[in-house]
Amino acid sequence: MALNEFALIQQYFSSLGTASGIVLGVGDDCAVLDVPEGEQLVVTVDTLVAGVHFPANASPGDIAHRSLRVNLSDIAAMGAEPRWFTLALTLPEARESWLQEFSQALSEDASIFGCALVGGDTTAGPLSITIQLFGTVPKGKALTRSGAKAGDHIYVTGSLGEGAAALFLFGRQDDSVVVEDERERLLHRFYRPKPRLLEGLRVRDLASAALDISDGLMADLGHIAEASGLGAEVELDQLPIAPWLMTLAAPSCVTEWALSGGDDYELCFTVSEEHQVAVESLISRGELSACCIGQMSRELGVRCVDRFGHLVNVGTTGYQHF
Ligand code: ADP
Ligand code: MG
């Protein structure tokens, strides 16, 4: 690498974001971190490979935003708060303009979401970014996938389908069907998914199970169902789909995006009858952006139903990595 590895780390990655509890950050063999009394660590890691998880021509800023935010989304799904992260960066070359833009964007998001870079690794090779994020949660309070009970109501935050619509856009030779304004929205949604940290905290004491939707609603809700030993019924008419998405493709295609397209990074969580009133009042007070889309059932598998409760065969499988 043209730029000396240590100079590179010093210049671009030595002080990024803010968080309490850092006894020792970047620069030693390990970081030393204080976990607050009464809290537990929650740890997640995601690797993004150029040409696989983002288009090879993506800007360094966009790559930085997405790399951190997909991890923040996992922390949100546990009802935890982000604190510290490490960065393993593999670069084909040490281009200063690239590093400047990447570290600037990472720094912005680290500050916005209240976490700090505490270490990492820098190597030469095909572009790949691995971020490991450490969060904390009060002991025993982490939301998991396995706590749902039959009859629990299923909620999702925000809206679904835009992540898949962005992938559809990337896949088109001719993307003139998408007007500039919509293209911007889709790219923003793809590169800067909004980690639902606040929502995770709001429902931490109310939800029975939760996860973030990265591989598509059907597949991810399937994980809650399986981990909880249950099935689920999703009411197609209740899916939160932004109306403007309907202008991009046929209704059946948009429904498919919402059901099985990945990359939405919304939360899916289940709520018992007992806690539903509290969740609904958060929603009506504007303190939680979420809606009810169905119910957990004893019958295994995830099914779609129409407004009359009749089964609808949508034949979706979700995003498969391999
Ligand atoms: P070691 O050889 O002990 O693993 P390195 O020489 O790889 O240490 O790294 C020196 C210091 O710089 C360590 O504190 C490491 O955590 C940090 N570091 C290396 N690469 C990065 C990076 N991309 N971002 C943040 N910190 C990094
Ligand atoms: Mg060492």
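All values below come from the heavy atoms of this structure, side chains included, with hydrogens, waters and symmetry mates left out. Just follow the structure's listing: the first ligand is 1, and inside any ligand the first atom is 1. Note that the numbering runs from 1 along the sequence shown for the chain.
Taking every heavy atom of both residues into account, His153 and Cys292 meet most closely at CB-SG, 3.9 Å.
Heavy-atom contacts of Asp29 reach the following atoms of ligand 1: 3 (O) (cutoff under 4.0 Å). Near Ile9, meaning under 4.0 Å from one of its heavy atoms, ligand 1 places the atoms 12 (O), 18 (N), 19 (C), 20 (N), 27 (C). Listed by number with element, the atoms of ligand 1 under 4.0 Å from a non-hydrogen atom of Leu117 are 24 (N), 25 (C).
For atom 14 (O) of ligand 1, the choice among Asp28, Leu24, Leu99 with the nearest heavy atom turns out to be Asp28.
Between Gly120 and ligand 1, at least one pair of N/O atoms sits closer than 3.5 Å. For ligand 1, one of its N or O atoms has an N or O atom of Gly27 under 3.5 Å away.
Counting heavy atoms closer than 4.0 Å to ligand 1, residue Thr86 contributes nothing at all. Residue-level proximity to ligand 1 for Thr122 is carried by backbone and side chain together, each with a heavy atom below 4.0 angstrom.
Distances from ligand 1 to the non-hydrogen atoms of Phe6 include at least one value under 4.0 Å.
Applying the ring pair (Phe, Tyr, Trp, His ring centres under 6.0 Å) test to residues at least two apart or on different chains, the pairs with a partner in residues 269-301 are Tyr155-Phe269. Sequence neighbours left out, the pairs with a member in residues 71-127 that pass ring pair (Phe, Tyr, Trp, His ring centres under 6.0 Å) are Trp98-Phe102.
With Arg202 contributing its side chain and Leu288 its backbone, the two residues share no donor-acceptor pair below 3.5 Å. No donor-acceptor pair closer than 3.5 Å links the side chain of Asp264 to the backbone N or O of Glu266.
Ionic pairing of Asp212 and Arg196 is not present here: no N-O contact between side-chain nitrogen and carboxylate oxygen is shorter than 4.0 angstrom.
Here Asp74 contributes atom CG and Leu211 contributes atom CG; the two are 9.5 Å apart, rounded to the nearest 0.5 Å.
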